[in-house]
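In what follows, a structure is listed as structure tokens, so that the remarks can point back to it.
In listed order, ligands and their atoms are each counted from 1.
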Amino acid sequence: MTDLPLDIHPEVAAALKAGRAVVALESTIITHGMPHPQNVETARAVEAAIRAEGAVPATIALLKGRIKVGLSDADLDALVADPDCVKASGRDLAVAMVRGRSAGTTVSSTMLIAARAGIRVFATGGIGGVHRGAEDTFDISADLTELGMTEVAVVCAGVKSILDIPKTLEHLETMRVPVIVHGSDDFPAFFSRVSGEPATHRLDTAAEIAAAVATHLSLGTGTGLLIANPVPEPDAIPAAEIDGTIAEAVAEAAAQGIRGKEVTPFLLARINRLTEGRSLAANIALVLNNARLAAQVAGGLVK
Ligand code: PSU
Ligand code: MN
């Protein structure tokens with residue numbers, strides 16, 4: 001085995017050593033999920049939101065072939081400035097590293113790296129899942145596979161209806177991944193607070209969620225947890241208003257023959273464009289909201 005080129009930022013390393021709260025963050029949302037400059041602004045705002053809750057942020061990415069756990073300001077600038085930056089899920093890491101590439105890490109690869117670094121709580125916007133039409137395309141995100149085999153709690157705002165939400169929830173059930181909705185009886189659909197799918201479990205406070213995460217980890221099931229946190233009401237876009245746009249984007253992707261790992265970035269970019277910024281505003285608000293909850297959960301976990 002070769003030694004992994006893995007750099008843990010000194011602040012993150014010190015926090016882990018001292019048993020302080022640390023929250024991992026992914027970087028595909030920065031490199032492939034949001035337009036510039038909102039991507040960089042949001043990345044910095046999310047880190048600030050985590051610090052404001054007393055936790056230490058650890059944004060994870062690949063920089064010129066090295067795994068970074070915690071990015072300096074210069075690292076973040078270098079990541080977004082790299083024209084050859086790729087999107088790396090867990091299976092893409094090795095080749096990207098051997099080639100010395102920079103990459104945004106998806107939920108799947110970020111979970112993998114967070115677990116290796118000893119970080120148990122991770123905040124993002126939305127996870128990948130079972131795509132609409134998966135019965136024909138077999139397009140199921142590696143994020144679900146990773147949730148089934150890596151012991152990290154992922155705080156998200158549910159899943160976008162670019163995905164098949166009922167099938168995504170079925171898949172998580174099959175893989176023994178607890179799905180906990182924060183303060184709602186309905187599983188959230190990213191832009192919308194409700195998806196029409198009932199919450200399998202509801203917990204109302206960060207302290208209760210932290211206790212559930214701690215208990216799940218001590219059970220040793222080997223799986224992660226999905227914590228779904230509905231978008232704040234003022235920023236929510238009702239399903240009735242966004243569903244047509246999403247359907248349009250999904251149809252365009254199919255018509256243009258978009259496949260594999262290009263599908264999700266294509267859909268996100270189309271939806272951002274079609275809603276002229278409204279979806280982006282909701283996206284930013286929900287990521288910040290998830291970062292705050294994740295920091296509180298991480299705080300509860302180290303108590
Ligand atoms: N969904 C979003 N925003 C995102 C992503 C998903 O609403 O930025 C990104 C995440 O990094 C997620 C990845 O892990 O897309 C999933 O890609 P795929 O569907 O190709 O597995
Ligand atoms: Mn896919």
Side-chain angles (χ1 to χ4, degrees), residues 24-36 38-39 42-43 46 59-62 79-80 85-93 103-114 122-148 150 152 154-165 167-168 171-172 188-192 195 224 226 228-229 231 235 237 242 245-246 249-250 253-254 257-272 275 279-291:
L25 297 160
E26 60 143 315
S27 47
T28 294
I29 188 172
I30 304 172
T31 59
H32 291 74
M34 284 187 188
H36 194 82
Q38 288 92 342
N39 58 349
T42 304
V46 165
T59 303
I60 292 176
L62 214 62
L79 181 72
V80 297
C85 180
V86 294
K87 166 186 169 186
S89 79
R91 75 162 190 165
D92 302 310
L93 283 175
T105 50
T106 65
V107 169
S108 129
S109 50
T110 305
M111 283 182 79
L112 174 90
I113 295 165
F122 164 16
T124 185
I127 61 160
V130 180
H131 278 261
R132 296 189 193 181
E135 57 274 29
D136 295 321
T137 62
F138 277 41
D139 190 350
I140 300 174
S141 175
D143 293 355
L144 299 188
T145 313
E146 201 71 47
L147 278 161
T150 300
V152 170
V154 179
V155 180
C156 70
V159 298
K160 279 201 179 78
S161 55
I162 59 174
L163 302 174
D164 185 320
I165 296 176
K167 284 195 180 73
T168 299
H171 203 73
L172 288 164
F190 196 88
F191 295 124
S192 320
S195 66
L226 191 67
N229 190 29
V231 57
D235 304 292
I237 310 178
I242 192 89
T245 303
I246 290 173
V250 169
I258 309 290
R259 290 176 54 193
K261 70 186 204 179
E262 315 304 332
V263 173
T264 298
F266 177 91
L267 293 174
L268 299 178
R270 278 311 285 154
I271 292 166
N272 282 342
T275 62
S279 70
L280 185 58
N283 201 340
I284 293 168
L286 67 84
V287 175
L288 288 169
N289 192 46
N290 296 345

task = Say whether, by atom type as modelled, one donor and one acceptor occur between the side chain of Arg259 and the main chain of Asp139 under 3.5 angstrom.
result = no
query = So, do Asn289 and Val231 sit near enough that their side-chain heavy atoms are less than 4.5 Å apart?
reply = no
message = The test is side-chain contact (heavy atoms from CB on, under 4.5 Å); show your working for Ile284 and Met34 and say whether it passes.
response = CA-CA 9 Å; Ile284 293 168; Met34 284 187 188; 4.0 Å; yes
inquiry  = Are any of the N/O atoms on Val107, whether in the backbone or the side chain, positioned under 3.5 angstrom from an N/O atom of ligand 1?
reply    = yes
Thr264 contact mode with ligand 1 (heavy-atom cut-off under 4.0 Å) = side chain
message = Using heavy atoms and a 4.0 Å limit, tell me yes or no: is Met34 in contact with ligand 1?
response = no
request  = Give the residue, atom name and distance (to 0.1 Å) of the protein heavy atom nearest atom 12 (C) of ligand 1.
outcome  = Asp143 OD2, 3.3 Å
note = Quick look: His32 vs ligand 1, heavy-atom contacts under 4.0 Å, and the answer is neither
Ile127 and Val159: CA distance, side-chain angles, deciding distance, side-chain contact (heavy atoms from CB on, under 4.5 Å) verdict = CA-CA 6 Å; Ile127 61 160; Val159 298; 3.4 Å; yes
query = Hey, is Lys87 one of the residues with a heavy atom under 4.0 angstrom from ligand 1?
reply = yes
remark   = When rounded to the nearest 0.5 Å, the distance separating CG of Asn290 from CG of Leu286 is 6.0 Å
remark   = the protein heavy atom lying closest to atom 6 (C) of ligand 1 turns out to be Gly126 O, 3.5 Å
inquiry  = Quick test: of every protein heavy atom, which one is nearest to atom 11 (O) of ligand 1, and how far off is it to 0.1 Å?
reply    = Glu26 OE1, 2.6 Å
query = How close does the nearest protein non-hydrogen atom get to atom 9 (C) of ligand 1, and which residue and atom is it?
reply = Thr28 CG2, 4.2 Å
query = Taking the side chain as C-beta and beyond, is there a heavy-atom pair between Glu146 and Ser109 under 4.5 Å?
reply = no
query = Would you say the side chains of Thr42 and Gln38 form a donor-acceptor pair under 3.5 Å?
reply = no
query = Can you list the atoms of ligand 1 that are under 4.0 Å from a heavy atom of His131?
reply = 19 (O)
ask   = Is there a side-chain contact between Ile162 and Phe190 (heavy atoms, below 4.5 Å)?
value = no
remark   = Interatomic distance, CD@Glu135 vs CG@Asp164, rounded to 0.5 Å, equals 7.0 Å
message = Minimum heavy-atom separation for Ala253 and Leu267, please, with both atom names.
response = CB-CD2, 3.9 Å
query = Is ligand 1 under 4.0 Å from a heavy atom in the side chain of Leu268, in the backbone, in both, or in neither?
reply = side chain
query = Quick one: are Ile29 and Asn39 in side-chain contact, heavy atoms under 4.5 Å?
reply = no
inquiry  = Quick test: of every protein heavy atom, which one is nearest to atom 7 (O) of ligand 1, and how far off is it to 0.1 Å?
reply    = Lys160 NZ, 2.4 Å
request  = Indicate yes or no for a side-chain donor-acceptor contact from Ser89 to the backbone of Thr106 under 3.5 Å, with no hydrogens or angles considered.
outcome  = no
ask   = Protein N/O/S atoms under 2.8 Å of the Mn ion (ligand 2)?
value = Asp139 OD1
message = To check your reading of the model: name the closest protein heavy atom to atom 21 (O) of ligand 1, its residue, and the distance in Å.
response = Ser141 OG, 2.6 Å
Close-contact set for ligand 1 against Phe190 heavy atoms, below 4.0 Å = 7 (O)
query = Counting only heavy atoms, which portion of Thr106 has something under 4.0 Å from ligand 1: side chain, backbone, both, or neither?
reply = both
key: Verdict with supporting geometry, Lys87 and Asp92, side-chain contact (heavy atoms from CB on, under 4.5 Å)   = CA-CA 8 Å; Lys87 166 186 169 186; Asp92 302 310; 5.9 Å; no
